[in-house]
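Have a look at the structure below, then the notes.
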Amino acid sequence: MALILMLLSLGLLYSAVSFSIETDSLDFLWKEGMRIGGECSFDYNGLKITIPVRYGKSDDGFLSFLETGALIGVHPIEGLGLVVEASFLKFGYLWGVAAPSDPMAFVSEGSIGWDYSFRHLYIKPRISYRSLLSVSGECSEAFDKIPQFKGIRASVFLGVVF
């Protein structure tokens, strides 16, 4: 919580702050299970710090997963909008009837995407690769029950820049 407050303070004072929602996570309206995702990003001198929050639920409703952390990104080619990000710290928590005995999981994520801005609105298509770190067999089986947790994921974020 202290890290988030510190980043928010620095972001408001020295950088562009953006909030977004993952549009492909709205598929729970017509599918079983659920996935809701959003993120807050801070841009400061070419460095992008992103704090994602994602929630996933299994098709049967017996297992839920909440993840957050921090991604560090750079714009390798100035002016193109290309963003390359890697997880600095990312973790999640499983709960519910089908939750494993060790519900904490550490996640590694890398992504590449593009930022397109239109005044105060932006769209960000992104391809991400996620893998589980330090996960036992029981926890790995639990993640198989959550269809929204995929290794490779294409997503689009819509957001507002302040």
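Quick note: residue numbers are just sequence positions, from 1.
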Output the distance between atom [atom1] ([X]) and atom [atom2] ([Y]), rounded to the nearest 0.5 Å.
{"X": "S41", "Y": "F157", "atom1": "OG", "atom2": "CZ", "value": "8.5 Å"}
{"X": "D115", "Y": "H75", "atom1": "CG", "atom2": "NE2", "value": "5.5 Å"}
{"X": "E39", "Y": "R126", "atom1": "CD", "atom2": "CZ", "value": "4.5 Å"}
{"X": "K90", "Y": "E67", "atom1": "NZ", "atom2": "CD", "value": "4.0 Å"}

Same apolar cluster (I L V M F W Y, side chains within < 4.5 Å links), [X]/[Y]:
{"X": "V83", "Y": "I51", "answer": "no"}
{"X": "L66", "Y": "L71", "answer": "no"}
{"X": "V107", "Y": "L94", "answer": "yes"}

Next item on the list: Using a strict 4.0 Å threshold on nitrogen-to-oxygen distance, state whether K124 and E85 make a salt bridge.
Entry: yes
Which atom names give the shortest non-hydrogen contact between [X] and [Y], and what distance separates them?
{"X": "L80", "Y": "W114", "value": "O-CD1, 4.1 Å"}
{"X": "P52", "Y": "G69", "value": "CD-O, 3.6 Å"}
{"X": "P76", "Y": "L82", "value": "CD-O, 3.5 Å"}

Could you tell me which residues satisfy side chain to side chain contact (heavy atoms under 4.5 Å, CB included) with [X], sequence neighbours excluded, listed by chain and number?
{"X": "S108", "value": "S87, S131, L133"}
{"X": "I72", "value": "L47, I49, F88"}
{"X": "F118", "value": "Y116, I123"}
{"X": "F91", "value": "T68, L89, M104, F106"}

Next item on the list: May I ask you to test the R153-E109 pair for a side-chain heavy-atom distance under 4.5 Å?
Entry: no
Note to self: Between P103 and W95, is there a side-chain heavy-atom distance shorter than 4.5 Å?
What the structure shows: no
Check: How does the hydrophobic cluster around V97 look, that is, which other residues are in it when side-chain heavy atoms under 4.5 Å mark a link?
Finding: F62
